[in-house]
Novice: 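Following this message is one structure expressed as structure tokens.
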Amino acid sequence: MENILKNLTIEEKLGQLTMIAPFFYIGDLKKEVFGALTELKLDEEKIFLTGSVLGIQNHKEMNLVQKTYLERSRHKIPLIFMGDVIHGAVTIMPTPLAQACSFNPKLVKKGAQESAKEAMKKGLQVTFSPMSDLVRDPRWGRVNESFGEDPYLNYVFSYATVKGYKSEGLLSCVKHFAAYGLSEAGKDYNTVDLSRLNLFSYFLSGYEGAIRAGADLVMTAFNTFEYVPATTNKYLLKDVLRKKLKFKGVTISDYDSLLQTIKHRSSLNECDAALKGITAGLDIEMASSSYMRCLKDEVKKNPELLKLIDKAVLRVLKLKEKAGLFKDPYRKKDLELNTLKALKTSYDLASESIVLLKNETLPLNKKTKISLLGKYVSEKHVLGPWSWHGDPNKTDELSKHIKAYYKNDSEVFEDYDIEAIKKSNHIVLAIGETREESGEAHSKANIDIKEHHQVLIKKLSELNIPITLVLYTGRPLVITNIVPFVNNILVHFHLGSKTSKVVSDTLYGKNNPSGRLSMTFPKHLGQVPIYYNHLSSGRPYSKTDPYTMKYIDISNEPLYEFGYGLSYSKFKYSNLEITNKEATLNNLPTIKVTVTNESNIKGKTSILLYIKDDFASIARPVKELKQFKKITLKPYESKVVEFKIRKEDLSFYNEKLKKVIEKGTFTVYIEDLFTKFSLE
Ligand code: BGC
């Protein structure tokens, strides 16, 4: 690659650091260029110098773009194609927030493998996934692209996702570096402000998981960190990403985020932004061309800059080599749509991602006469945001799968006629948010379940017929008001291609739910941001002392906390044992717990192990998830589950940003059991 680099002109080098959309090479620019792209101001000659492409429809288009490009290119370095395969390309998997509810990294990896195959057949070499931004504010529209509120879960699922892509040969770009999920007031693109210690303690671990698994690129975030936009933030890109996380791959801006530094008012103009970007360590700029238009002159003023440019170009060339583009720049295979295997994986993942929040009368019996109500009874577009190539016409309606449980359709009523509803023994209400209500640029100030849904539920409850609410949503909603009026609640954060089958199989007990919430459901919007692993307070809540941490109008507790989720089986946890209560770093304890299925229904459950550092040199969270295991138990079966405490379970960043383990005592929690040990 060094030889290729040597032969490139400065214009060609800067082209390698520029990403534009495919139609620039093959489309009618006058018709198709709009928005930020009109600012590109690239003439045809420059377009054919650029190095990477954002998004592609299919392998034919990819081949056409590549061929048109290579025919006109002097150096014949192939273009690399990147795009957003977030939870599936054609076969849509559950959204990442839903996947995290499965607590099943093996399945998540399988999902990523299927997505990778389809993405590659489409013509992509890189996916802009995983989004490893830790989230705490359900008002933010993008929470469903994330793995939720827990750093460890973010680490594990980012790792599994990247491993899945990698095993199929798809390169991946973890995003958005860093802490984009903390947009103030949940408003997309808003300011993010947090301390370095907070960044290290909670927000880095998702990105770290992806990088440890071998993510090839890192995308910068739209937000600022310490008042400097992430895209031109030297501290983030050099000190944290390169030095601390030891990332060796390519950095890329988010869409237009380099030029957005002008709107942040931290870059004076385009050339200032370009200079700031390259010196901060930004390799590729997406959807803008300030490097190509400005850096040649900047190099004349400061020849040292060329070294930075060369390093960036070399990283891009190595990425292309890794993608196999120098060997074969084309995609020959046609796309096989919705392979059975991919659909099976989507089903398996969805069946473990659905969460049972309340249960009085589920599962349903095939003899139950039911009324099916709500938008999602007949909605085909259940794929969630970022499901571009998923075809809603190929998904089934919920009513189809529910009817399949009955010999005679007449037991299933599908209208709002009160008299018809009265004839049924159960109401299934499938409602929630539409797909358009979450995703990028879809933040909400009000996350209450909709007013008309509340009215409907209260009215239906007067009929004294059991009600199951199936909540389709892109984020945790405030559903406090309606919980008392329904008997059962199943929730999911958009389950993808097999949604309807999974929902109906869960209603009728063919699928026994095992999901646990990856993000807390607040009782009231005023509690947001609310997350389980917060710090202790100097005045923790006390019933008897009014001057303690609380609200005067609502309680501190969320409605359903992170990790909450029921099953049709009844699991009992007992005999929490610890091998040694006096530990040293060379002799850390093993924890054992007996889990018993006290029901006659086979089921899966995830055992979550939390640790509290009882005392440390700085304030520490009330508890933190450190390990988990998912097991299957037959009716009345018991299993002893073991966790070996690891050094990393006890370590934390101190105020000098050093990872340390301090001596003292630790409390270990599993469900409502706990034990303690001391570390010498
Ligand atoms: C989003 C990124 C995405 C990029 C490219 C941006 O608007 O923030 O997550 O990867 O567009 O599509």
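Bear in mind that the values here come from a model prediction, so they are computed numbers and not experimental data. Counting starts at 1 for both ligands and their atoms, following the listed order.
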Novice: Can you list the atoms of ligand 1 that are under 4.0 Å from a heavy atom of K175?
Specialist: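 Counting atoms of ligand 1 from 1, those under 4.0 Å from K175 are 2 (C), 3 (C), 9 (O), 10 (O).
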Novice: Compute the minimum heavy-atom distance from H176 to ligand 1 and say whether it is under 4.0 Å.
Specialist: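 Yes, H176 has heavy atoms under 4.0 Å from ligand 1.
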Novice: Would you tell me whether Q99 and S102 have side-chain atoms, one donor and one acceptor, within less than 3.5 Å of each other?
Specialist: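 Absent: no donor and acceptor within the cut-off.
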Novice: How far is atom 2 (C) of ligand 1 from its nearest protein heavy atom, and which residue and atom is that?
Specialist: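 Ranking protein heavy atoms by distance from atom 2 (C) of ligand 1, first comes D254 OD1, 3.3 Å.
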Novice: Provide the number and element of each atom of ligand 1 under 4.0 Å from a heavy atom of F128.
Specialist: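 Those qualifying, in numeric order: 10 (O).
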Novice: Would you give the length of the straight line joining atom OG1 of T251 to atom CG of D283, rounded to the nearest 0.5 angstrom?
Specialist: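 It comes to 3.5 Å.
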Novice: Charged N to carboxylate O under 4.0 angstrom, K244 versus D239?
Specialist: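 No.
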Novice: With atoms numbered from 1 as shown, which atoms in ligand 1 lie under 4.0 angstrom from a non-hydrogen atom of R142?
Specialist: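 So the answer, numbered in order with elements, is 1 (C), 2 (C), 8 (O), 9 (O).
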Novice: Please check: side-chain N/O of S518 versus main-chain N/O of L97, any donor-acceptor pairing under 3.5 Å?
Specialist: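 Side chain of S518 to backbone of L97, a donor-acceptor pair under 3.5 Å: yes, one is there.
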Novice: So does R136 pair up with D150, basic N to acidic O under 4.0 Å?
Specialist: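 Between D150 and R136 there is no salt bridge, as every charged N stays at least 4.0 Å from the carboxylate O atoms.
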Novice: Under 3.5 Å, is there a donor-acceptor pair linking the side chains of S266 and H264?
Specialist: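 Per modelled atom types, S266 and H264 side chains form no pair under 3.5 Å.
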Novice: What I want to know is whether D84 and ligand 1 share at least one N or O pair that is separated by under 3.5 angstrom.
Specialist: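 Yes.
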Novice: Would you please determine whether E145 falls within less than 4.0 Å of ligand 1 on a heavy-atom basis?
Specialist: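 Outside the 4.0 Å threshold, so no.
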